[in-house]
Amino acid sequence: MAYSKEYMMRAIETALHNVDNGGGPFGAVVVKDGEVISECGNRVTASNDPTAHAEVLAIREAARKLGKYDLSDCEIYASCEPCPMCLGAIYWAHIGVVYYAGCSDDAKNAGFDDSFIYKELKLEPKYRSVKMLQADSQEGLRVFKKWLDKDDRVEY
């Protein structure tokens, strides 16, 4: 997989178009074998969905179109460095290459500062600003036991 300016410009144009149409200033394009599978802009405020980031939407659409959750044969182009949530989605989708234009400092200067999330992730759950309390851990283990006992489970 080699970088393509064409696909990066598509991600940036998607972001620009998205701003003009009520969305946030982010765009993403998923490419497989030189073909655009999906392209999406950020729709957080337009859809009242805090998870509707461009990369997440593009991954969802690509997985739907390709009929699989493992996108290891794909690459993603993003108008900006992915946030922690999008980066997590990229890892879960097994996408091996991410090309991005703007960096996290550029996003921060435009009012999109994710640095606090990276700081929070380094903390033990009990020290995070979002209260996190483990409860019924033994009961919760029943779910994993059932999963591990399932002969036809699909590993991911």
Using 4.0 Å as the upper bound for N to carboxylate O, is an ion pair formed by [Y] and [X]?
X	Y	answer
Glu35	Lys32	no
Glu120	Lys122	no
Glu139	Arg142	yes

Minimum heavy-atom separation for [X] to [Y], with atom names?
X	Y	result
Pro25	Ser79	O-OG, 4.0 Å
Cys80	Cys103	SG-O, 3.6 Å
Glu55	Pro82	OE2-CA, 3.6 Å
Lys68	Leu71	O-CD2, 3.9 Å
Thr14	Gly27	CG2-CA, 4.2 Å
Arg153	Leu148	NH1-O, 2.7 Å

Within the supplied structure, the quantity of interest is the number of heavy atoms (other residues, nucleotides, ligands) at a distance under 6.0 Å from Lys65 NZ; does it exceed 12?
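Enclosed: over 12 neighbouring heavy atoms sit under 6.0 Å from NZ of Lys65.
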Heavy atoms of other groups near Asp136 CG, more than 12 under 6.0 Å:
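Counting other residues, nucleotides and ligands, CG of Asp136 stays at 12 neighbours or fewer.
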Would Asp149 and Lys146 count as a side-chain contact (heavy atoms from CB on, under 4.5 Å) if you check the C-alpha gap in whole Å, the side-chain angles of each, and the deciding distance to 0.1 Å?
CA-CA 5 Å; Asp149 290 343; Lys146 184 167 187 158; 5.8 Å; no
Dump the intermediate steps for side-chain contact (heavy atoms from CB on, under 4.5 Å) on Val31 and Val29, then the final yes or no.
CA-CA 6 Å; Val31 177; Val29 175; 3.8 Å; yes
Hey, does Arg10 have a side-chain heavy atom less than 4.5 Å from the side chain of Glu39?
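With C-beta onward as the side chain, the pair touches.
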Can you name the residues that form a salt bridge (charged side-chain N to carboxylate O under 4.0 Å, His left out) with Asp151, not counting sequence neighbours?
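So Asp151 forms no salt bridge (charged side-chain N to carboxylate O under 4.0 Å, His left out) with any residue.
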Go through the steps for Val30 and Glu61 under the test side-chain contact (heavy atoms from CB on, under 4.5 Å), then give the verdict.
CA-CA 9 Å; Val30 174; Glu61 179 68 11; over 6 Å; no
Give a yes or no on whether the backbone of [Y] and the side-chain of [X] come within a donor-acceptor separation of less than 3.5 Å.
X	Y	result
Glu81	Ser104	yes
Asn18	Asn42	yes
Asn21	His17	yes
Asn109	Asp105	yes
Asp114	Cys83	no

Co-members of Met85 in a cluster of I, L, V, M, F, W and Y side chains, linked at under 4.5 Å
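Other cluster members: Val56.
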How is the hydrophobic cluster of Phe26 composed, in terms of its other members, when Ile, Leu, Val, Met, Phe, Trp and Tyr link through side-chain heavy atoms under 4.5 Å apart, directly or indirectly?
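Hydrophobic cluster check, Phe26: joined to Phe112.
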Working to the nearest 0.5 angstrom, can you tell me the gap between [X] [atom1] and [Y] [atom2]?
X	Y	atom1	atom2	value
Ser4	Glu75	OG	CD	8.0 Å
Arg128	Leu121	CZ	CG	6.0 Å
Ile90	Ile76	CD1	CD1	4.5 Å
Lys131	Leu133	NZ	CG	6.0 Å
Cys74	Asp33	SG	CG	8.0 Å
Ile117	Leu87	CD1	CG	11.5 Å

Taking only residues at least two apart or on different chains, which pairs with a member in residues 27-49 satisfy ring pair (Phe, Tyr, Trp, His ring centres under 6.0 Å)?
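Passing the test, one end in residues 27-49: no pairs.
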Filter on ring pair (Phe, Tyr, Trp, His ring centres under 6.0 Å), then keep only pairs touching residues 87-108, sequence neighbours left out; what's left?
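Sorted result for residues 87-108: Tyr3-Tyr99, Tyr77-Tyr99.
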Given side-chain hydrogen bond (donor to acceptor under 3.5 Å, both in side chains), test Thr51 with Arg43 step by step and report yes or no.
CA-CA 9 Å; Thr51 68; Arg43 305 304 294 166; over 6 Å; no
Output, in order, the C-alpha distance, side-chain angles, deciding distance and verdict of side-chain contact (heavy atoms from CB on, under 4.5 Å) for Leu66 and Ile37.
CA-CA 8 Å; Leu66 295 172; Ile37 304 301; 4.0 Å; yes
In terms of hydrophobic clusters joined by side-chain contacts under 4.5 Å, are Val36 and Val97 together?
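Yes, Val36 and Val97 fall within the same hydrophobic cluster.
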Could you go step by step and tell me if Lys150 and Asp152 meet the salt bridge (charged side-chain N to carboxylate O under 4.0 Å, His left out) rule?
CA-CA 6 Å; Lys150 186 174 171 61; Asp152 62 343; 3.0 Å; yes
Sequence neighbours excluded, which residues qualify as side-chain hydrogen bond (donor to acceptor under 3.5 Å, both in side chains) partners of Asp113?
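If we apply the side-chain hydrogen bond (donor to acceptor under 3.5 Å, both in side chains) test to Asp113, skipping adjacent residues, the hits are Ser115.
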